[in-house]
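Inspection log for the structure reproduced underneath, given as structure tokens.
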Number of protein chains: 2
Amino acid sequence: MESDSTERRFDEIDLQILERLESDHDLNLSDLSEEIGLSKSAIHYRLNNLKEDGVITAISADLDPQRFGLEMLVITEVYVTHESGYAADTGEAIAATTGVQDVYYTMGDVDFIVIFRAQNRDQINDVIAKLIAIDGVNETSSTFVMDEIKSDGRVLANMSDEMRENVRSD
Amino acid sequence: MESDSTERRFDEIDLQILERLESDHDLNLSDLSEEIGLSKSAIHYRLNNLKEDGVITAISADLDPQRFGLEMLVITEVYVTHESGYAADTGEAIAATTGVQDVYYTMGDVDFIVIFRAQNRDQINDVIAKLIAIDGVNETSSTFVMDEIKSDGRVLANMSDEMRENVRSD
DNA sequence: AATGAAATCGACCAGCA
DNA sequence: TGCTGGTCGATTTCATT
């Protein structure tokens with residue numbers, strides 16, 4: 001599983017395989033083989049390369065948060081105190097807070113944007129209290145998400161034609 | 001693949017299976033079988049139920065955005081005009097914008113929070129221009145993400161012990 | 001809901017272009 | 001390096017409890 005995390009290029013076959021598997025990995029290698037017009041072994045060979053190369057970071061099961069009672073999604077802006085220099089430690093502490101899903105270190109006014117899920121209001125308060133207690137955190141401002149209109153971490157599925165062209169080898 | 005999207009409860013075995021597969025589905029059913037102390041068929045049986053029940057929404061390949069040159073992540077706040085009533089149409093239009101990954105309809109000051117990736121500054125400008133052009137959109141304010149400290153959509157992995165207890169059937 | 005046996009599918013290998 | 005066909009091992013399915 002090697003990965004140097006730099007951009008690379010893909011031929012149309014790799015892009016087709018990736019696009020398909022990014023949406024649904026529960027498939028017949030035989031079907032894919034026919035659709036693309038390449039033997040099963042060849043697809044398997046390409047898949048192995050894509051995994052070793054770190055393009056595919058994992059095969060994972062996607063779970064529905066609703067079925068676990070996680071009906072609330074909160075986006076919190078975190079401001080750090082001016083005195084603290086680079087806020088790397090603060091960022092790590094935020095990321096280590098139980099329940100926190102995403103932590104982004106941002107440019108500009110706000111220092112961190114934090115996203116987390118909760119089953120009820122008490123849990124929301126708990127997380128915010130933990131964030132405020134972190135060394136270097138000065139202030140927080142939370143927004144409640146009323147509707148998750150789109151939440152789609154897929155990479156290729158969200159790429160425009162132009163973006164796709166930029167990674168094509170042909 | 002039935003799903004009524006309501007909360008349900010899980011026994012410890014289901015939770016163990018889900019926790020494992022959420023992180024890595026490149027599994028060895030035999031290993032899982034030994035770890036958990038249940039026959040391979042039984043685990044497969046439970047897996048089928050979890051899929052049909054909509055708890056597992058998909059098995060998918062996770063791709064590294066960096067390898068596709070998507071080195072920039074942007075978070076944009078979108079404000080709608082006061083005249084437009086419920087902003088459902090506006091939300092759908094935002095979600096349909098090419099490149100956009102997440103769209104959240106939020107309470108309070110800001111109306112939508114939009115997250116998208118780009119390969120270069122031109123693409124960022126393109127997306128923002130498209131957002132402003134949408135009917136009902138009044139103003140946008142974008143923040144550049146300098147460091148993606150944590151970005152982990154896994155559900156069970158981010159649940160606290162308390163949250164986990166709340167969905168346990170035992 | 002779980003089991004074991006039978007059918008099916010994916011992983012790997014040696015060889016080839 | 002990328003692909004093929006075949007073999008072995010693993011998984012999915014099914015009848016049965």
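Residue numbers start from 1 in every chain, and the chains themselves are labelled A, B, ... in the order their sequence lines are given, proteins ahead of strands.
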Query raised in the report: In whole Å, what is the span from the CD atom of B/E12 to the P atom of C/dA1?
Result: 17 Å
Query - Ring-ring centroid check A/F10 B/F68, cutoff 6.0 Å - result: yes
Query - Positions of residues 33-46 of chain A (non-hydrogen atom under 4.0 Å from DNA chain D), listed by number - result: A/S39, A/S41, A/A42, A/Y45, A/R46
Requested in this report: Check whether any side-chain heavy atom of A/I128 lies under 4.5 Å from a side-chain heavy atom of A/F116, and answer yes or no.
Outcome: yes
Requested in this report: Give a yes or no on this: more than 12 heavy atoms of other residues, nucleotides or ligands lie within 6.0 Å of atom CG of A/D31.
Outcome: yes
Report summary line: If each end axis of the helix from C/dA1-D/dT17 to C/dA17-D/dT1 is fitted on five C1' pair positions, the angle between them, to 10 degrees, is 40°
Query - Leading and trailing nucleotides of DNA chain D with any atom under 4.0 Å from heavy atoms of chain A - result: D/dT1 to D/dG6
Report task. Flag the pair B/V114 / B/I75 as yes when at least one side-chain heavy-atom distance between them is below 4.5 Å, and no otherwise. Result -> no
Query raised in the report: Can you find a heavy atom in the side chain of A/M159 that is under 4.5 Å from one in the side chain of B/L70?
Result: yes
Report task. Check whether any side-chain heavy atom of B/L18 sits under 4.5 Å from a side-chain heavy atom of B/I56, and report yes or no. Result -> yes
Query - Side-chain heavy-atom pair A/F112, A/E77 within 4.5 angstrom cut-off - result: no
Query - A/I134 side chain reached by A/T90 side chain, heavy atoms, under 4.5 Å - result: yes
Requested in this report: Without swapping roles, check the side chain of B/T57 against the backbone of B/G54 for a donor-acceptor pair under 3.5 Å.
Outcome: no
Query raised in the report: What is the distance, rounded to the nearest whole Å, between atom CG of B/L47 and atom P of C/dA2?
Result: 12 Å
Query - d(CD, B/E52; C1', C/dA1) in whole Å - result: 15 Å
Query - Distance in angstrom units between B/D26 CG and C/dA11 C1', rounded - result: 11 Å
Query raised in the report: Taking the side chain as C-beta and beyond, is there a heavy-atom pair between B/V103 and B/Y105 under 4.5 Å?
Result: no
